[in-house]
Every structure is written in structure tokens, then in C-alpha cells.
Amino acid sequence: MYYLNTDIQSLLYQKVVNNKIFVDKSMLIEKISQVIGTGNPYVCITRPRRFGKTINANMLGAYYTKGLDSHPIFDSLAIAGTEKYEQHMNQYNVIHIDFSRFPDYCGGYGDYIRDITETLKEDLREYYPELKGKEYRSLSRMLQDAKESFIFILDEWDSVFYETFMTDEDKSNFLKFLKGLLKDMPYVDLAYMTGILPIAKYSSGSELNMFDEYNFMNDNVYDAYFGFDEAEVQKLCRENTAVSYEEMKQWYDGYFTSKGESLFNPRSVSKALTRCVCLNYWTETGPMNEIAECIEHNVDEVREDIVKLVSGIPIEAELNGYSAAEQRLETRDEILSAMVVYGFLSYYKGFLKIPNGELMEKYQKVLARDSMGEVKEIVDSSKKILDATLAMDEAKVAELLEAVHDREIPFLKYNDENSLSCVITLCYLYARKDYWIRREEKSGKGYCDYLFYPKKSGTPAIILELKTGDTAEDAIAQIKEKQYMKKAMGNGAVLLVGIAYDKIKKIHHCRIKKYDREAEALYKSSLPAKES
């Protein structure tokens, strides 16, 4: 048997538990058990790729499936300490279907759905001999004749919707298949379904309206079980010291629970700890151009938003759940909603932001695409301003900034502090290859405008302070007075960069000073006591 009461999920989940990198999410079982056999046993978990949906689906299958003995897996996990641990273990007929798996030959939707239905019918006939010799046009009639109840675990229900062979009629027929299988059927003890896209996107009528859908925007019930929280990542880093928690947070944090607590991308954290290095793991999965495609549906609508987001400026937006995520995206809200669906943006209390360094790398590439127009031209020349900064060529830095400001791009006209920040972001985008760039970073006695942390030793850190109305010298003085360099200096040199914009003359000024802690300490030690 392949779908009904198999040990496949048990074997798969046992491997997960045996992994060196493992986080116990078994308390999800307690939550799900509460809806089994109730009047509303329909749960749909909507999350981006690689957020633990399949691992948790396999966990549930391993725990509930009748005929197995799952004690060796779960006795050492958190769920074993609950009052009803034994009550639900291995007590249910489980039908577990991973909709992302396709037959060896799949020429279209007909082959896909035929493989699923025929395989399940074979399983039912083998498990219930009394059903043999009978022809059934519908699975629902066959399941009713089995005269037992079932838990349905339907993983990645929307996978087939990404296939090019799917027509609108195919999608409608697939929804009708799910409705006929599950809706108002007496044999359904639980229907637990996972996916990326929202049910509301496809089921605008009544096909799947029996499901309660839980996503990043509305989930205050199951949100802790999808993604790793801060305590879990800190524990993993203590056990696997090759990667520090601080580095892990820079790369993979940035999502939120309903309470505003941090969530890390679980797959990327696991990969980083396994390979002992933080790299871009998550965005290698799935279509690599999804972000760009979202934006390019209407680049004029969202270009300014993207530049602000890369600049570290949160975007305020009223998003109506996930329902705006259409495959044909036309409005700003639809595009931004789709980007939240795919996990490319985080959304909390009405504000969007780029979650972490992993995703920031992807956005940097998007800004360099031809569709971004003049923004791409600025990005293409951003290596020049980094080179000029490192060479302490003040005149060149000012000249390059001025050239960007003079372009006919409305949101780069210094209408506010954010506009100036957008200019700096675009002009220094190339620097992100070698630096972690932080805006409004706490350092010394205040918050510096920009702090460039070098990714490799031997590269000087950069502290950049912006001024409008004051001078570049004032910016340098503020850096020194408030000791912004404290957080950046480490054991090497720090470049102090002051940039001022004269609103009357409409010109830029730049001053660059080199601060070396060892050199300064040596100089001070050579002075008479009173003078030093």
C-alpha cells in the first residue's frame, strides 16, 4: 500500500529525528489532536517553501497511523510528556498523499489525477477485502463503503497548479475532486492540508470553504511549529559551534509569529549548521526568478518600494490576507501580497520588510535587472563609489552621488531622509558583496546612519553619516563624538565617511578619515601625560 496506513511517513520522520540538526516540533500533535472528530476537522497550513510543512506532515502520519508502533520515535520527544500522549497514538486510519509527487509519465492533468485515484483504490481494496470485485466511480463512495473513519494528510495540495499543462478547467476539476473527497463526509476525522498558495485564490466559491486556513498573516494557533524560534536556534548554535548565533541571525531571521517573536528559516539554518557555513540555501529552491517576475508584472508600481526595502525602510501596506496572490499580478497590493506568499517579504502589523541577508542577496540581483531601468544603471556603477571610498577619494564620491541625485527619478530627490538613504543604498549596492550593511545601527553613544561590517578580515569597516544642512566635517565630528566606531573597529581600521548635501547649492560634499585603534593608541602613548 502506498497511501493508506503505510509506514513510509514513519520511516521518513525517524530519519529527521536521527539527524544531528533536529528541532522538536512534536507539540503540534497536541494542537491537531484537539480538532480530530470535531464538527470542523479541516485545517490548512499555508507557508512558503522549506518551512517545515512536509516534515510536520510526516510527523503527524507517523504518530497517528494505525498498525504501527511509534513509541521508539516519540517517547523521547516533548509530546510524550502530555496527558493524552497514548490516547491518539497509532489509533487512526491515515490516508497520506503528497501531491507534489508525479507519476513516471505525466502527459497532463488526466494522468496525474488518474494515478492518485487508482493508487488509492488499490490500497482500499487491499486493506478492505470486501471492496474487491466492485467498481467505484468515486472515491467517496468507496470510502463510505469501508464503514470506517480516516485522517487525511494532504501535503502540498497546490503543487499541480504550477504545472504548465494545467488549464483553468483542470484546476476547477481538481478543486471539485478535493471537495467531493472531503467536504461533509462522515468518514473524515481530520483533513490536514498544506500548501504555498491560498485556498481563497482558487476556491472563491464553496469548493474548499470548510477549511480553516492558517498563514503568516493570521496564524496565532500553529505559528510556533513552522520555522525555528530564537531559543531553538541559540540551542542549535551552542551544540554546533562552527556557526555563531549572531551570523545565523543576520542570514536567516526576519519572520514573525503572531506575537511578534522571531522566526528563522528552518531549512537554511539546518543547512548552515550541517555545512558549517552560512550561505544562501533557501532561495536556491524553486524558480529562481520568482521575485523578479513578481516585480516585473508591474515594475513602475513597486520599483520605489523595492529600493526602499533594500534600503532598510519598512513599507506600510494593507494586505488582505493572501487572497490577492494571483498568478497574473497587476496592482501593487497583488504583487506585494504574492511576495509575502512566497516568503520573499515578511509582514507584521501592517509593515513589509526584507526578512534577512539570505533574501537581501536576491533583491540585490533584482535591482540589477534591465526592467529596473535607471535604477539598474546606478547599480551597475556602484562598484565605482566603493572603490572611491576605499581609496579615500572624497571628490569622486561626491561626484558620483551628485550624478545619481541629478537623474530624473522622483524618489531620489531628497524629499526626506529616506530619499537620501535610497541614494546611498543604490550607490553602495556593490559593497554588499563584501559587507553586511546596517542602517540606523546602535553603536557607541547613539545610532549611526550606516555601518558597513566587513565579511572578511583585512577589509576596513565603514561608518557613514549623512547630513543635510550641516557640513561633511560635522558628520565626521558626530561619528567621533558619539564613538560610532566602537562597534565596527574590531582589530582593524575603520573609514569614517561624512556626506553632506547643500540644499541651496544642490551639491554634495564628502570627507573621509581613517581611524586605526592601534595607531591612535600608539600616538596617545607618545604624548606627555597632560597632553594625552
Side-chain angles (χ1 to χ4, degrees), residues 9-32 45 47-63 70-82 85 89 216 222-285 343 346 355-361 436 438 453-457 487 490:
Q9 287 69 46
S10 178
L11 294 172
L12 291 172
Y13 188 65
Q14 179 69 73
K15 290 181 178 180
V16 172
V17 174
N18 291 343
N19 281 343
K20 180 181 177 183
I21 311 302
F22 172 69
V23 172
D24 183 353
K25 297 290 185 179
S26 64
M27 291 304 291
L28 172 65
I29 294 169
E30 183 180 50
K31 292 282 188 181
I32 295 299
I45 303 294
R47 288 293 189 279
R49 289 184 181 89
R50 310 306 183 189
F51 256 80
K53 298 188 300 294
T54 295
I55 288 175
N56 282 343
N58 288 337
M59 176 184 72
L60 295 175
Y63 177 80
S70 299
H71 286 90
I73 299 177
F74 292 99
D75 278 354
S76 61
L77 302 185
I79 187 64
T82 61
Y85 173 54
M89 178 179 278
F216 264 148
Y222 306 109
D223 53 355
Y225 306 107
F226 296 88
F228 294 165
D229 64 28
E230 287 188 320
E232 289 166 340
V233 176
Q234 287 169 349
K235 181 175 183 292
L236 288 172
C237 290
R238 287 194 299 270
E239 296 169 348
N240 305 271
T241 57
V243 180
S244 71
Y245 172 75
E246 290 71 24
E247 188 177 7
M248 201 74 77
K249 189 171 180 65
Q250 286 179 337
W251 272 95
Y252 310 123
D253 190 13
Y255 300 93
F256 300 97
T257 67
S258 59
K259 297 178 181 179
E261 298 164 347
S262 287
L263 280 179
F264 291 65
N265 184 307
R267 179 183 184 272
S268 297
V269 167
S270 298
K271 283 284 187 182
L273 292 171
T274 300
R275 293 181 56 179
C276 300
V277 62
C278 287
L279 295 172
N280 196 322
Y281 298 110
W282 184 68
T283 51
E284 291 177 358
T285 64
S346 63
N356 49 46
E358 186 174 39
L359 270 298
M360 185 64 78
E361 280 193 357
W436 292 109
R438 296 288 177 263
Y453 291 101
K455 293 180 181 179
K456 299 177 182 178
S457 60
K487 193 167 185 177

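Each residue takes its place number in the sequence, starting with 1. This structure is a prediction, so every number in the text was calculated from the model and none was measured.
Expressed to the nearest 0.5 Å, how far NZ of Lys53 lies from CD1 of Ile45 amounts to 10.5 Å. We find the OG-CG distance between Ser268 and Leu279 to be 10.0 Å, quoted to the nearest 0.5 Å. Here the straight-line distance linking atom NE2 of His71 with atom OH of Tyr63 works out to 8.5 Å at 0.5 Å rounding. Considering CG of Leu236 and CZ of Phe264, their distance stands at 10.0 Å, rounded to 0.5 Å. Between Tyr252 atom OH and Arg267 atom CZ the span is 10.0 Å, to the nearest 0.5 Å. Atom CZ of Arg50 is separated from atom CD1 of Ile55 by 9.5 Å, given to the nearest 0.5 angstrom.
Scored by the ring-ring contact (aromatic ring centres under 6.0 Å, His included) test, Tyr222 finds Tyr214 as partners (sequence neighbours excluded). With sequence neighbours left out, the salt bridge (Lys or Arg N to Asp or Glu O under 4.0 Å) criterion links Lys271 to no other residue. By the side chain to side chain donor-acceptor pair (under 3.5 Å) test, Ser70 pairs with Asn90, sequence neighbours left out. Applying the side chain to side chain contact (heavy atoms under 4.5 Å, CB included) criterion to Ser270, with sequence neighbours excluded, gives Ile21, Phe228. Under the side chain to side chain contact (heavy atoms under 4.5 Å, CB included) criterion, Ala78 pairs with Asp24, Ser26, Met27, sequence neighbours left out. When the side chain to side chain contact (heavy atoms under 4.5 Å, CB included) test is applied to Asn356, the partners found at least two apart in sequence or on another chain are Tyr255, Glu358, Leu359. With sequence neighbours left out, Lys31 forms a salt bridge (Lys or Arg N to Asp or Glu O under 4.0 Å) with no residue at all. With sequence neighbours left out, Tyr13 forms a ring-ring contact (aromatic ring centres under 6.0 Å, His included) with Phe74. Residues meeting the side chain to side chain donor-acceptor pair (under 3.5 Å) test with Thr54, sequence neighbours left out: Asp155. Remark: Ser10 engages Ala62, Leu68, Ile73 in a side chain to side chain contact (heavy atoms under 4.5 Å, CB included) (not counting sequence neighbours).
Minimum heavy-atom separation, Pro266 to Gly52: CG-N, 4.3 Å. For the pair Trp436 and Gly357, the tightest heavy-atom approach, listed with the atom from each and the gap, is CZ3-CA, 3.8 Å. In plain terms, the two heavy atoms of Ser346 and Pro355 that are nearest each other are N-CG, 3.8 Å.
For Thr257 (side chain) and Asp223 (main-chain N/O), no donor-acceptor pair under 3.5 Å exists by modelled atom type.
Here salt bridge (Lys or Arg N to Asp or Glu O under 4.0 Å) pairs that include residues 241-256, with residues two or more places apart or in two chains, are Glu230-Lys249, Lys249-Asp253. The stretch residues 10-23 participates, sequence neighbours left out, in no salt bridge (Lys or Arg N to Asp or Glu O under 4.0 Å) pair at all.
Within the 4.5 Å cutoff, side-chain heavy atoms of Ile79 are placed close to those of Thr82. In this structure, Leu273 and Met248 have side chains that are in contact, with non-hydrogen atoms separated by less than 4.5 Å. Side-chain contact check for Phe226 versus Leu28: some heavy-atom pair is nearer than 4.5 Å. Counting heavy atoms from C-beta on, the side chains of Lys25 and Glu232 come closer than 4.5 Å. Between Trp251 and Val243 there is no side-chain heavy-atom pair separated by less than 4.5 Å.
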message: Before you tell me yes or no, could you show the steps for Asp75 and Tyr85 under side chain to side chain contact (heavy atoms under 4.5 Å, CB included), namely the whole-Å CA-CA distance, both residues' side-chain angles and the distance that decides it to 0.1 Å?
response: CA-CA 9 Å; Asp75 278 354; Tyr85 173 54; 2.6 Å; yes
query: Do Val23 and Lys235 pass the side chain to side chain contact (heavy atoms under 4.5 Å, CB included) test, and can you show the C-alpha distance, the side-chain angles, and the key distance before you say yes or no?
result: CA-CA 9 Å; Val23 172; Lys235 181 175 183 292; over 6 Å; no
